Amino acid sequence: MTAFWVIAALLAAGALAFVLPPLLRRRRAAPGAAAEATNVAVYRDQLRELDTDLAAGTLARDQYDEARRELEARLLADVQGGAAAPRAAATGRIAAIAAGIAIPVASILIYLAVGNPGALAPETESHGITRQQIEGLVDRLAARMKENPEDATGWVMLGRSYAVLDRFPEAASAYANAVKRSQPDAQLLADYADALAMAQGQRLQGEPERLIAEALKIDPRNVKALALAGTAAFENKDFKGAIAQWRKILAIVPADSDMADSIRDSIADAQQLAGGAVEAQPAPARAAASSAGTVSGTVRLDPALAARVAPGDTVFVFARATEGPRVPLAVLRKQARELPVAFTLDDTMAMAPGMKLSAHARVVVGARVSKSGQPAPQPGDFEGLSAPVTVGATGVNVVIATEIR
């Protein structure tokens, strides 16, 4: 802001430099002074002539007095007229000084009145607008919708705005108004189901599930509806149903997209929780699996941890590539009471299409005791990993001996 005012002052000074000099410059005194001197000399000559005429007796005394008074009056008038120039010059200098002060001051006052001084201040928000301002805009939109309740597009905008602000009950209400005033729309129903689920504690059971099913009837390929349907099945522990819905998404979105990566991770979680019971490949592919695409061996628990592992704790046995994504290529689910346990991992236990054990040359085999039953590692779980082995290897030994912290 300081730089702005410095530049403004320089510009004002430059402008005044063109305006003030003509006002401040003194009028040259020589022409006025010379005229005044000439008039005085003339009057003196006339006065001397009067004195000569009076002395010579050619002019009476009363005539002399009258002529002298007239002469003095003319002289006084001329001298006062000549003084007007200095007064005008003084007035010009005063005007120049006043302009020099008034012009910058007036400019500043006008800018403060009609300009935008706040734009000169550093932004306090990285994006130039605060959450309070956004909420103000959304509240104005809500007020407008009360005046125009039949505007379906406005209700959709309001619902999305509330969702962005995490005001999910209001978002669900806005979407409900939009649904009432719109033609059947799969995306709108999916958005409504999502907001309603968030408003009721992130639970899709009940009305959200009904809305999702309705959305999929309208558009079976709606990605958001498919994702929500998979999540609802996952919440109901229907892991097979969740994987079926999520696989449909993989057939729609680009394989290298972030969405596809996220869906593959979700499928992997569901596969692990299903204990390998859900096939990632059709039955013929399972029959075609050969020893070239398998890894087999034994998982044991370190005796030092025996007292800390309950018989019902879940054990995940998995293989992942030595290079590339850490998503498991194959997973087998067991229980701690079965340890030590022999295992065979193959392509039938793949997490997602294209993520096959046989597609990799070398893998690491691991086993984890999950105290929570969740596939993702948690503090307090126990784990063991093998050295890198070639796919097709047999007799791989994995000892669970390390606590995850």
Side-chain angles (χ1 to χ4, degrees), residues 116 123 125-236 238 241-255 257-263 265-267:
N116 184 18
E123 292 184 353
E125 294 285 325
S126 60
H127 298 288
I129 186 169
T130 66
R131 181 184 174 89
Q132 289 73 19
Q133 290 172 315
I134 295 174
E135 289 181 339
L137 295 173
V138 174
D139 290 341
R140 283 196 287 274
L141 176 58
R144 193 187 77 182
M145 294 314 302
K146 289 182 180 180
E147 298 174 357
N148 301 278
E150 298 307 314
D151 182 2
T153 302
W155 284 117
V156 173
M157 293 176 58
L158 185 60
R160 290 175 180 169
S161 300
Y162 278 139
V164 169
L165 294 174
D166 295 337
R167 295 166 62 174
F168 296 110
E170 293 102 322
S173 177
Y175 280 131
N177 280 297
V179 168
K180 291 177 183 177
R181 294 165 174 81
S182 303
Q183 295 296 321
D185 185 300
Q187 186 62 45
L188 177 56
L189 289 169
D191 290 340
Y192 181 18
D194 189 14
L196 191 59
M198 296 299 293
Q200 63 181 29
Q202 303 184 37
R203 291 180 294 103
L204 287 164
Q205 287 75 26
E207 182 64 10
E209 284 184 306
R210 187 193 68 78
L211 293 169
I212 294 165
E214 187 177 344
L216 290 175
K217 287 180 182 178
I218 298 171
D219 181 7
R221 291 173 58 85
N222 183 275
V223 172
K224 184 167 187 177
L226 287 170
L228 292 173
T231 301
F234 190 94
E235 289 179 357
N236 293 327
D238 178 10
I243 292 173
Q245 297 290 1
W246 290 334
R247 280 181 182 161
K248 294 176 185 178
I249 298 175
L250 292 178
I252 298 171
V253 302
S257 65
D258 291 340
M259 169 66 80
D261 289 341
S262 177
I263 292 300
D265 288 344
S266 296
I267 290 174

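Keep in mind the model is a prediction, meaning the values are calculated, not measured.
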Is a side-chain N or O of S266 found less than 3.5 angstrom from the main chain of S262, in a donor-acceptor match?
yes
What distance do M145 atom CE and E150 atom CD have between them, rounded to the nearest 0.5 Å?
8.5 Å
Nearest heavy-atom approach of V156 to A178 is CG2-CB, 3.6 Å
State, yes or no, whether a side-chain contact exists between L189 and N222 at a heavy-atom distance under 4.5 Å.
no
Could you grab the distance from atom OG1 of T231 to atom CD of Q202, nearest 0.5 Å is fine?
11.0 Å
Heavy atoms of other groups near M157 CE, more than 12 under 6.0 Å
no
Please give me the minimum heavy-atom distance between Y175 and A195, naming the atom from each residue.
CD1-CB, 3.9 Å
Just verifying a value: how many Å separate W246 CH2 and K248 NZ, rounded to the nearest 0.5 Å?
13.5 Å
NZ/NE/NH1/NH2 to OD/OE distance under 4.0 Å, E207 and R210
yes
Charged N-O contact under 4.0 Å between D185 and K224
no
To check you understand the geometry: which heavy-atom pair defines the closest contact between V138 and S161, and what is its length?
CG2-CB, 3.8 Å
For L196 versus L211, what's the shortest heavy-atom pair and its separation?
CD2-CD1, 4.2 Å
Grab the two heavy atoms, one from A242 and one from A233, that are nearest each other, plus how far apart they are.
N-CB, 3.5 Å
Quick one: does any side-chain atom of N148 pair with a main-chain N or O of D151 as donor and acceptor, under 3.5 Å?
no
Measure the shortest side-chain to side-chain distance between I212 and L204 over non-hydrogen atoms and say whether it is less than 4.5 angstrom.
yes
If we only count heavy atoms from C-beta on, is the L228 to P208 side-chain gap below 4.5 Å?
no
Would you say the side chain of P184 lies within less than 4.5 Å of the side chain of K217, judging by non-hydrogen atoms?
no
dist L158:CG -> T153:OG1 (nearest 0.5 Å) comes out at 12.5 Å
Minimal heavy-atom distance between Y162 and A142, with the atoms involved, is OH-CB, 3.5 Å
Using modelled atom types and a 3.5 Å cut-off, is there a donor and acceptor pairing between side-chain atoms of R160 and backbone atoms of D191?
no
Where do E209 and N236 land on the side chain to side chain contact (heavy atoms under 4.5 Å, CB included) test, with the steps shown first?
CA-CA 11 Å; E209 284 184 306; N236 293 327; 3.2 Å; yes
Taken to the nearest 0.5 Å, the spacing of I263 CD1 from Q245 CD works out to 11.0 Å
Between D219 and A215, is there a donor-acceptor pair closer than 3.5 Å when you use the side chain of the first and the backbone of the second?
no
Taking the side chain from Q205 and the backbone from E235, do they hold a donor-acceptor pair closer than 3.5 Å?
no
